[in-house]
Colleague: 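One structure follows; several queries about it will come next.
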Number of protein chains: 2
Amino acid sequence: MEKNLSKEKRQERIKEKISTNPFLSDEQLAKIFRVSIQTIRLDRLEMGIPEMRKRVITLARNASSKVKALNKNEIIGDLIDIDLGKSGISTMHTTKDMAFGKNNIVRSHYIFSLADSLAMAIIDSDVVLTGIARLRYKKPVYSGQLLVAKARIATKKSNKYLVSVHIKCNHKEVFTAKLIMVSLEQKSNNSTFNIDNQKIKEF
Amino acid sequence: MEKNLSKEKRQERIKEKISTNPFLSDEQLAKIFRVSIQTIRLDRLEMGIPEMRKRVITLARNASSKVKALNKNEIIGDLIDIDLGKSGISTMHTTKDMAFGKNNIVRSHYIFSLADSLAMAIIDSDVVLTGIARLRYKKPVYSGQLLVAKARIATKKSNKYLVSVHIKCNHKEVFTAKLIMVSLEQKSNNSTFNIDNQKIKEF
DNA sequence: GCAGCCTTTATTAGGTGCTATTAAAATATT
DNA sequence: AATATTTTAATAGCACCTAATAAAGGCTGC
């Protein structure tokens, strides 16, 4: 595949190869670069790259902890302040993997998630679902920026809450939403669950 | 740790142990269950559980492909049919990790994502952003169910599209939305980007 | 030319975590 | 007691490595 590279260049390419495919064994790398296994091992040693099996283990560990974190976090973003039943503030650091590759604009559903789960969090009830939502994306958010979401319960009627959420980025409003959240306490039963086609007032 | 279990119970427990911690080697398992390594290996053989190193490799592979898929897939769900500039259909298999642990109800933002990215997909433009959205969650969706989303461009005014999306589950409508999508073609420039506070008609 | 250097390759011993096979104990069942 | 099941042991071999030692090859400067 690749051959007659200087030591320096080879080590560079090995680094690249391994980062794109961490499952490559020394033997495979040796074939790719047309050098002996020992050379590859010397290179790894010099660069401090661990053996394939250890690389795979760290990969798997990181990955499984990531998945767990995603599942554990019933709330998206970090709850900063909460006044249960009234209002709350949460933040989210936007990252590259939340955005479109080509323009780094954060995908809308991440912003919605932040608003939606904050709205859920401030309601003092075990089971809360989103009923109706009106979202307004005002400005594009670029990955890397910090979002600050503020939510407030505007009105409450029986088991329905109208929550308004404002999300800011650098002190500029980038998103607002009004959400009707429905709390499903012990009283309500699932078979007859049905959200009224009620209109949102004052929107 | 655990001892004097019947073969059947031990195998059950081994399965559990491995699923919670796939990094356990046969030696470690042997110590935990106070049996010989050979017994553990026989158990794995009978249950068809691969060796630790192979488990770790599949873990790492799945994990890295998951991350890549999430990043690569600009669209959430599977596009089934598309009539660019007019309409489209996509589906999504809901899984446990999309739902709340306690009641298996799929979180609202996954449903929104399906609708939003389908709306984005049917618009014949490179850069499309969500402007305003009205969402109506009609029935809770439980993990494991298949969602079918249909979207249609209702009206188009210059670079703004009104898209209606209907999501069904078992032929019952569980979600509807109207989205105003904004296409940012070469003409528009980012520094002056600003979505009008325009109202959605016929909602 | 060749001594001194870096680079590359080879060799050997050892380690981990396994598979696969054969066989012998230990325990349970009839 | 005879038979069957379960458990353990022992052995050979494999993939993929570390660690250490040594030798071969190439380049540089004197």
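Order of the sequence lines sets the chain letters (A, B, ...), proteins ahead of strands, with each chain counted from 1.
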Colleague: Can you check the A:F23 CZ to D:dC16 P distance for me, whole Å?
Modeller: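 Distance, rounded to whole Å: 13 Å.
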Colleague: When you measure from the side chain of B:S25, which nucleotide among C:dT9, C:dG17, D:dT8 comes out closest?
Modeller: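 Selected nucleotide (nearest to the side chain): C:dG17.
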Colleague: Under a 3.5 Å distance rule, please check whether B:T94 uses its side chain to pair with a backbone N or O of B:L146 as donor and acceptor.
Modeller: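 Checked: no pair found.
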Colleague: Which of parallel (below 30°), tilted (30 to 60°) and perpendicular (above 60°) describes B:F112 and A:Y137?
Modeller: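 Plane angle under 30°, so parallel.
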Colleague: Rounding to a whole Å, what distance do you find between A:R55:CZ and D:dC17:C1'?
Modeller: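 Rounded to whole Å, this separation is 11 Å.
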Colleague: Round to the nearest Å and state the distance from A:K7 atom NZ to D:dG26 atom P.
Modeller: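 Taking NZ of A:K7 and P of D:dG26, I get 17 Å after rounding.
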Colleague: Whole Å only: how far is the CD atom of B:Q38 from the C1' atom of C:dT22?
Modeller: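 For the pair B:Q38 CD and C:dT22 C1', the rounded distance is 12 Å.
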Colleague: Rounded to whole Å, how long is the line connecting atom CD of B:E27 with atom P of D:dT8?
Modeller: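 Spelled out: CD on B:E27 to P on D:dT8 is 15 Å.
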Colleague: Please give, in whole Å, the distance from D:dC16 P to A:D26 CG?
Modeller: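 One finds 10 Å between P of D:dC16 and CG of A:D26, rounded.
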Colleague: Hey, does the Lys NZ or Arg CZ of A:R107 hover above the aromatic six-ring of A:F100, less than 6.0 Å from the centre and inside 45° of the axis?
Modeller: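 Here A:R107 passes the 6.0 Å and 45° test against A:F100.
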Colleague: Of all of residues 39-51 of chain A, which get a heavy atom below 4.0 angstrom from DNA chain D, listed by number?
Modeller: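 DNA chain D contact set from residues 39-51 of chain A: A:R41, A:R44, A:E51.
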Colleague: Roughly how many Å is it from CD1 in B:I37 to C1' in D:dT8, rounded to a whole number?
Modeller: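 Whole-Å distance recorded here is 11 Å.
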